[in-house]
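Structure, as structure tokens:
Note that this is a predicted model, so its numbers are computed, not measured. Counting starts at 1 for both ligands and their atoms, in listed order.
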Amino acid sequence: MISVIIPTFNEAAVIQETLRRAAAALRSAGEEFEIVVVDDSSADGTAERVESLAAEVPVLVLRRPGRLGLATAVLDGGATARGDIWAVMDADLQHPPEVLAPLAKAMREGADLAIGSRYVPGGGTSDWTWVRRMISRTATHMAATVLPLNLASVGDPMSGLFMIRKSALENAHLNPLGYKILLEIIAKAHYRKLVEVPYVFQEREKGASKLGARQYLEYLQHLLRLAVGTGQLWSWIRYGVVALAGAAIDIALFVLLVKKAVWRPAPALLLAIEVALLNNFVWSETFTFRSTRIPAFHSAVWRRLARYEGICIPGAALNCVVTASWMVLDGGVVSAAAAGVVAGGALNLLVNIPAIWRTWAGRK
Ligand code: GDD
Ligand code: MN
């Protein structure tokens with residue numbers, strides 16, 4: 001049975017339509033289900049509207065004494081739920097309830113975690129402005145950068161619309177904070193098959209968003225806590241040490257070749273960068289990602305090398321441009337090499353971390 005968990009905080013205007021459409025979607029998909037609404041003492045009568053629909057839809061309300069947060073609402077709802085699958089969705093129709101049907105289908109077909117996703121082909125965000133799009137993408141990219149071992153291959157880890165097999169949550173020690181319970185689940189649950197089902201995030205037509213500054217702060221706090229809790233911080237420290245060594249090799253070799261061996265700067269820099277990349281690759285293989293043991297690790301080593309070099313091309317190119325410009329402007333060989341490394345490294349850090357880590361770690 002599927003237990004649909006719907007957290008509400010002042011959603012009286014929409015909750016009945018949400019319940020009707022969710023029930024219709026699951027009925028026509030032939031699923032057995034119950035709905036648990038977790039209401040945080042909404043002042044607008046949300047809970048009463050839910051109860052008045054109980055004859056029509058299998059639904060019950062869990063009332064909590066005040067606004068206690070979205071993530072904890074999901075877990076409290078789950079504790080009451082009787083199903084072997086939890087479905088989680090918003091009450092405000094921004095998650096079209098009809099998506100429950102393809103999510104349920106994915107679970108029937110063996111998924112342990114099915115995510116309603118805006119960022120896979122077919123998904124989207126209706127008519128968001130580019131600013132909103134960018135904020136959402138940046139927050140998603142940030143999660144994949146801080147937690148690459150878990151999130152680098154998930155399109156929409158920030159989704160609030162998903163289904164999870166309850167058995168995958170045993171011993172997962174979920175520690176909810178703020179809004180993004182799915183982050184917690186992806187990082188800690190024991191699931192084998194993860195599937196993303198595309199959907200288009202709708203505009204909110206009634207009521208107001210409950211997302212504010214506090215939720216943004218809690219999000220950052222949550223990412224850091226997961227980095228520590230999943231042990232990813234240690235991978236990050238290993239990665240950082242290797243990257244610093246690579247940077248030192250790049251600078252030292254370049255300076256040596258130009259000053260002592262009197263090479264021209266261009267071939268010297270290309271060789272220095274390549275040696276640094278090979279250094280980073282070897283240590284990534286034998287040290288940084290040695291203990292993460294993921295399936296990708298068993299592909300051919302030359303494939304990983306080719307992939308890694310390919311991902312590093314933009315950073316290397318930027319390194320070359322900055323080093324060359326610096327030498328023209330300033331002339332200092334050491335400072336030019338250092339500036340180039342910093343620029344290339346910054347590009348990798350800001351943009352490429354999820355892709356780089358996926359060479360060794362991550363699903364598929
Ligand atoms: N019980 C309870 N307690 N419910 C809450 C609370 C709370 O403290 N805060 C929010 N909710 C409920 C809202 O009533 C709504 O049903 C749902 O949680 C989402 O809240 P919104 O304020 O509408 O969130 P949003 O539209 O900014 O963001 C949503 O969409 C994202 C993108 O898919 C959230 O669901 C995110 O989880 C989701 O990732
Ligand atoms: Mn919403």
Side-chain angles (χ1 to χ4, degrees), residues 4-19 21-22 35-47 49-50 59-80 86-97 99-100 103 114-120 123-126 128 132-133 135-140 142-143 151 154-164 176-186 196-216 218-219 222-223:
V4 184
I5 301 166
I6 306 182
T8 56
F9 187 64
N10 294 335
E11 303 289 2
V14 284
I15 187 63
Q16 292 195 335
E17 183 182 344
T18 307
L19 294 175
R21 282 171 56 184
I35 304 181
V36 180
V37 172
V38 185
D39 185 63
D40 280 4
S41 300
S42 298
D44 66 353
T46 303
R49 297 232 179 155
V50 175
V59 62
L60 57 95
V61 191
L62 188 70
R63 295 167 190 257
R64 302 200 303 173
R67 186 166 182 196
L68 299 175
L70 181 49
T72 59
V74 170
L75 294 190
D76 286 350
T80 308
W86 294 0
V88 178
M89 64 181 277
D90 290 356
D92 57 5
L93 294 174
Q94 293 195 277
H95 297 155
V99 183
L100 289 172
L103 287 172
I115 301 176
S117 177
R118 294 164 292 175
Y119 303 129
V120 292
T125 47
S126 49
W128 280 13
R132 249 179 105 184
R133 254 178 243 276
I135 293 176
S136 169
R137 288 281 192 172
T138 305
T140 304
M142 220 160 78
L151 302 187
V154 183
D156 194 357
M158 321 272 286
S159 180
L161 170 62
F162 60 91
M163 289 193 187
I164 175 87
L177 173 71
Y179 246 50
K180 301 297 172 186
I181 187 68
L182 181 59
L183 279 183
E184 189 76 14
I185 288 177
I186 295 176
E196 289 190 75
V197 172
Y199 85 99
V200 176
F201 191 76
Q202 303 298 308
E203 284 307 299
R204 189 189 249 276
E205 290 179 357
K206 295 189 180 130
S209 169
K210 278 83 199 177
L211 191 64
R214 165 157 182 198
Q215 281 71 30
Y216 283 108
E218 281 176 346
Y219 172 62
H222 193 187
L223 287 185

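- A salt bridge does not link E184 to K180: none of the charged side-chain nitrogens sits closer than 4.0 Å to a carboxylate oxygen.
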Kindly indicate, with the supporting measurements, whether the criterion side-chain contact (heavy atoms from CB on, under 4.5 Å) is fulfilled by E196 and D156. CA-CA 8 Å; E196 289 190 75; D156 194 357; 4.0 Å; yes

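- Exactly one residue among L70, I186, L75, I164 makes a side-chain contact (heavy atoms from CB on, under 4.5 Å) with I181. That residue is L75.
- Enumerated by chain and number, the residues approaching ligand 1 to less than 4.0 Å through a heavy atom are P7, T8, F9, E11, V38, D40, R67, G69, L70, A73, D90, A91, D92, Q94, H95, R118, M158, S159, G160, Y179, K180, Y199, F201, R204, S209, K210, L211.
- Listed by chain and number, the residues in a ring-ring contact (aromatic ring centres under 6.0 Å, His included) with Y199 are H95 (sequence neighbours excluded).
- The distance from atom CE of M142 to atom CE of M158, rounded to the nearest 0.5 Å, is 8.0 Å.
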What do the steps show when you test Q94 against S209 for side-chain contact (heavy atoms from CB on, under 4.5 Å), and what is the final call? CA-CA 10 Å; Q94 293 195 277; S209 169; 5.8 Å; no

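- Within a radius of less than 2.8 Å around the Mn ion (ligand 2), the protein N, O or S atoms are D92 OD2, Q94 OE1.
- By the ring-ring contact (aromatic ring centres under 6.0 Å, His included) test, H222 is found to be paired with no residue, residues two or more places apart in sequence or in another chain being considered.
- Side-chain contact check for R132 and T125: no donor-acceptor pair (N or O, by modelled atom type) lies under 3.5 Å.
- Ion pair D39/R63 not flagged as a salt bridge, since none of the NZ, NE, NH1 or NH2 atoms sits closer than 4.0 Å to an Asp/Glu carboxylate oxygen.
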